[in-house]
Amino acid sequence: MLSKKYDHSVVEQSKYEIWKERGYFLSGDKCKTPFTMTLPPPNVTGNLHLGHAWDVSIQDVLARYKRMDGYDVLWVPGTDHAAIATEAKVVNKLKQQGVDKYKLGRDKFLEECWAWTREYSGNIHKEWAKMGMSIDYSKERFTLDEVSFEAVNKAFIEMYNNGLIYRGKKIINWDPEARTALSNEEVIYKDVEGAFYHIKYYIEDTEDYIDVATTRPETLFGDTAVAVNPKDERYIDLIGRNVIVPIVNRSVKVVADNHAEIDKGTGAVKITPAHDPNDFEVGNRHSLERIVIMDETAHMINVPEEFMNLDRFEARKKVVKTLEENNLLIDIEKITHSVGFSERTDAMVEPYLSEQWFVKMRDLADSVINTQMDKENKVNFFPKRFEKIINQKAEECYDWCISRQLWWGIRIPIWYKDDKIVASVKSPGEGYVQDPDVLDTWFSSALWPFSTLKWASDDELYKRYFPTSFLTAGYDIIFFWVFRMMFQSLNLTKVMPFKDCYVHGLIRAKDGRKMSKSLGNGVTPTEMIDKYGCDALRYYLTTTTAIGLDLRFDEEKLSSTWNFINKIWNASRFTLMNIESLKKTSLNDLKLEDKWILNRYNETLKVVRKNMDKYEFQNVSAELERFIWNDFCSSYIELSKNKDDETTKSVLFIVLDGILKMLHPFMPFVTEEIYQKLPIKDAESIMISEYPKVNKKYSFKEESEVVSNVLDDIVNIRNLKATNKITKDAKIKIKVLNEETLAIYTSQLKILNENIVDDDLDINKVNYKSKNIDITYFFEGSKEDENKKEEEIKKLKESIERREKLLSNENYVNKAPKEIVDLDKKKLKEEKEKLELLMK
RNA sequence: GGAUUCUUAGCUCAGUUGGUUAGAGCACCUGCCUUACAAGCAGGGGGUCACAGGUUCGAGUCCUGUAGAGUCCACCA
């Protein structure tokens, strides 16, 4: 028997370990169709936040649904080494101990990283268990493990040999704190207070100057030209002449270039080809010299003595001061402009000229665009609009900088000897030196759906389970991850890596702002699980919003989800008490209400399955809640009370069993707890039981309609009693047309035999008539509903009029689907009958 | 500049090939400790579906525009 109170902390104890020990999470049943998912690998040193909890809940709902529905489910778990994020954390930790990364050296530093990784990966495992994730632990991967290492090397070498990866000297985004290159996607732009510094650039051999505005005066040391627009009449005479770069007094040319916009700033732009991507292009067009004036830590080099080794921000102050002192500064105009920051270290990004490895994107991006036009082979996004967003990204993408000057990661498999370059995992021979850089962490995650399945060794796993079936991702990592998996998979495996991609939004605080540590409005899954249970959290997260939209976290709503589970608990408790003795189900002598609930159950199941298959979980929950709370609890359980026959018990059992199974993917723990108490079980655990199927034997349309009408009558009569304050002991005159429905009326309206009278009594009375029942209540006290009947008649008349008008419209009758028209005709008939009854 | 989402009850949200008279939870009002559940039961009130046009027999749903809020991409000397 179930305990009296639903206590999630008790219910959720020890079940996960049992499931795991019994091997329910393992894949490999060759008789079944595979269903594969790879878990988006969280950062190994990170903590699970609500967004993760949401993401994994969606996947686990699906894993459990598909498993119960007869698929060989493989859900591959794993973690990401998160190169720069982890490295930054370890560097920080060492710094606090007074240890410098570079002094420690590569090997020792990597040992520190591994130690850190081992320490933290335990947390992730605990949280996975806490969320109830049915992942196949035997296939767990890490983006730095042997399997991933092989795949990354194979991919790199293949792409290098095909010319898809190249080395080039370009301006890239540089993180001076981590001292590494970044991809465009790892730069976060923020609006900051800055200024336009208007500086005098004297025209050579004259007393005239032009006003050049810049936000970064410290870069003037690297100026090798000033650009003006060729159509700018103000400067047309200056083109080809020389101007003097202040402080260094270098003479540079004025060039005409469209990069300089007439309306922007002063129309004259200083050109620093080594320190600005646009200027770099201008430099290329005009064959300008590139002067590098900062080192990898953003300290000044190749500058006059007094500026040497200054930090870039110090240098700016000093440059401005020097300009002022020499009367070279015209104005400082305060502006707000957006500046890039490193996603992980939050350091201001410096455009930096350096030699890096790049993935050549054009052809890869085109392959995505082309495949997405092919219905058979494309990835289906839920919601669909993200297909367009992927296409847009593909159309305008830049080459991807994949080399990182970090140590924590997979080292680039390139070897140098003199001017020879060889791509190879191992040293190609005597005297070769390996490239010191590692690969962007996203290079390995981009291979995740197939690297994890041992693509590199063409394993059976890869052959059976790839391409995968389903992927979840928040829309914030579509460009980082989803898009890259798509083109890498097309490139290396020739197919898209997954069939369906479910895109969810972000979790926000109740006020709509982002949840973040700095705002102090963050909520952790652990807190919420402790308070309401994992079942409530999962159900809440997966069913409260429509697919693709953000979710405003509302603890009150989570709490009412707990109430829903509590309701299920109590309904189950009642049912189990009543069906304890049931040995096998028998459906002889089904009563009207039995047929009704079985029919409702069937209809519910139909809707639930349809929406499960479309990943429309919010519709699943709406349907289930209505069925469980209204139909099953409020009506059927009430009707089943005081009935002891095998048929009632069987129906109670069938419906409860089905409810538990439909709910199990969402709330695995409580459904297992209750399932274990069922008198008849089709499996040793609900996890491996069969998902219910729509059953024609449970279809009773006509009877179902009769009961629906009776239930409507009951609500109306209760309303009548409430408004007139009619008490239990009121006398009643009753006439029920369908004998089978009488029991329902009497039990639901709590009609006592001794209150039933035959004759009209000379006291207040109210009457209710429908096609099933004619009932009159006689009662003491005042009559509150004099106008009630009048109102009802009026409403009915209006409705009839509306419907008659509609049905006399030829366009409607001819064009609307037949079912809709028939329904209207039927309703009209019913309303007319009802009106007639009332008018009598 | 380009793209995109949202605007439905006091609050948080559903409403998916256009189809009865728009739903839920919370909150609110009335009455109930009816032995599964007071974290509950029964009943009730509350919405010109942001606004303006259009398509249609029929629009919360499709189209166009307007307003407000948000997000992404690009640019930002």
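Residue numbering restarts at 1 for every chain, and letters A, B, ... go by the order of the sequence lines.
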**Q** Would you mind classifying the nucleic acid contact of A:Pro383 as base, sugar-phosphate or nothing, using non-hydrogen atoms under 4.0 angstrom?
**A** nothing

**Q** Identify the nucleotide, in any strand shown, that forms a Watson-Crick or G-U wobble pair with B:C72, with both distances under 3.5 Å; if there is none, say none.
**A** B:G2

**Q** Can you check whether A:Arg626 has a side-chain N or O nearer than 4.0 Å to OP1 or OP2 of B:G23?
**A** no

**Q** Specify the separation, in whole Å, of atom CD1 of A:Ile820 and atom P of B:G58.
**A** 15 Å

**Q** Of the options B:U20, B:C72, B:G19, whose atoms approach the side-chain atoms of A:Arg803 most closely?
**A** B:U20

**Q** Base, sugar-phosphate or nothing for A:Glu830? Non-hydrogen atoms, less than 4.0 Å.
**A** nothing

**Q** B:G58 pairs with which nucleotide, Watson-Crick or G-U wobble, both distances below 3.5 Å?
**A** none

**Q** If we ignore angles and hydrogens, is there a donor and acceptor under 3.5 Å between the side chains of A:Asn724 and A:Tyr777?
**A** no

**Q** Under a 3.5 Å cut-off for both contacts, is B:A24 paired Watson-Crick or G-U wobble with anything, and if yes, with which nucleotide?
**A** B:U12

**Q** Could you measure between the two C1' atoms, the one in B:U61 and the one in B:U7, and give it in whole Å?
**A** 15 Å

**Q** Give me the distance, rounded to whole Å, that separates B:C26 from B:G19 when you measure between the C1' atoms they each carry.
**A** 31 Å

**Q** Please give the nucleotide sitting opposite B:A67 as a Watson-Crick or G-U wobble pair, both distances under 3.5 Å, or none.
**A** B:U7

**Q** Classify A:Glu261 by what it touches in the nucleic acid, base, sugar-phosphate, or nothing, heavy-atom distance under 4.0 Å.
**A** base

**Q** Does A:Arg718 place a side-chain N or O at less than 4.0 Å from the phosphate oxygens OP1/OP2 of B:A42?
**A** no

**Q** Rounding to a whole Å, what distance do you find between A:Arg508:CZ and B:U71:P?
**A** 6 Å

**Q** In the strands shown, is B:C37 matched to any nucleotide by a Watson-Crick or G-U wobble pair with both distances under 3.5 Å, and which?
**A** none

**Q** Report the distance from atom CG of A:Leu749 to atom C1' of B:G43, rounded to the nearest whole Å.
**A** 13 Å

**Q** Using a 4.0 Å heavy-atom cut-off across all strands, classify A:Ala227 as base, sugar-phosphate, or nothing.
**A** nothing

**Q** Could you say whether A:Ile547 or A:Asp191 is positioned toward the 5' end of RNA chain B, judged by the nucleotide with the nearest heavy atom to each?
**A** A:Ile547

**Q** Under 4.0 Å, counting only non-hydrogen atoms across every strand here, what does A:Val715 touch: a base, just sugar-phosphate, or nothing?
**A** sugar-phosphate

**Q** Give the nucleotide from the list B:G43, B:C75, B:U56 with an atom nearest to the side chain of A:Asn719.
**A** B:G43

**Q** Over how many whole Å does the gap from A:Lys805 atom NZ to B:G58 atom C1' extend?
**A** 12 Å

**Q** Do the ring centers of A:Phe553 and A:Tyr540 come within less than 6.0 Å of each other?
**A** yes

**Q** Report which part of the nucleic acid A:Thr545 touches: base, sugar-phosphate, or nothing (heavy-atom distance under 4.0 Å, all strands).
**A** sugar-phosphate

**Q** Return the 5'-most residue of the pair A:Ile262, A:Leu823 with respect to RNA chain B, ranking by each residue's nearest nucleotide.
**A** A:Leu823

**Q** Listed by chain and number, what are the salt bridge (charged side-chain N to carboxylate O under 4.0 Å, His left out) partners of A:Glu603, not counting sequence neighbours?
**A** A:Lys606

**Q** Name all residues meeting the ring-ring contact (aromatic ring centres under 6.0 Å, His included) criterion together with A:Tyr636; count only those two or more places apart in sequence or in a different chain, and write none if there are none.
**A** none

**Q** Pick base, sugar-phosphate or nothing for A:Asn578, based on heavy-atom distances below 4.0 Å to the nucleic acid.
**A** nothing

**Q** Hey, does A:Phe617 reach any base, or is it just sugar-phosphate, or nothing, if we go heavy atoms under 4.0 Å?
**A** nothing

**Q** Which nucleotide sits closest to the side chain of A:Lys388: B:U16, B:A3, B:G43?
**A** B:A3

**Q** Have a look at A:Thr544 and say if it touches a base, only the backbone sugar-phosphate, or nothing, with a 4.0 Å heavy-atom cut-off.
**A** sugar-phosphate

**Q** Nearest to the side chain of A:Phe479 - B:C75, B:C72, B:G15?
**A** B:C72

**Q** A:Tyr475 and A:Asp550: side-chain donor and acceptor closer than 3.5 Å?
**A** yes

**Q** Among B:U12, B:U5, B:A14, find the nucleotide with the atom closest to the side chain of A:Arg385.
**A** B:U5

**Q** How does each nucleotide of nucleotides 24-39 of chain B score, in 5' to 3' order, for protein heavy atoms under 4.0 Å: base (B), sugar-phosphate only (S), or none (-)?
**A** -SS---------BB-B

**Q** Could you tell me whether the phosphate oxygens of B:G2, OP1 or OP2, come under 4.0 Å of any side-chain nitrogen or oxygen in A:Gln392?
**A** no

**Q** Using the C1' atoms only, state how far B:U8 lies from B:C51, rounded to an integer number of Å.
**A** 14 Å

**Q** Flag the pair A:Lys677 and A:Glu673 as a salt bridge only when some basic side-chain nitrogen lies within less than 4.0 angstrom of an acidic carboxylate oxygen.
**A** yes

**Q** Can you tell me how far P in B:C6 sits from the matching atom in B:G15, rounded to whole Å?
**A** 10 Å

**Q** Closer than 4.0 angstrom, basic N to acidic O: yes or no for A:Arg484 and A:Glu185?
**A** yes

**Q** Looking at A:Lys567 and A:Glu625, is any side-chain nitrogen of the basic one under 4.0 Å from a carboxylate oxygen of the acidic one?
**A** no

**Q** When you get a sec, tell me which of B:C75, B:U20, B:G43 is the closest nucleotide to the side chain of A:Ala722?
**A** B:G43

**Q** Going by atom types alone, do A:Ser799 and A:Lys827 pair a side-chain donor with an acceptor below 3.5 Å?
**A** no

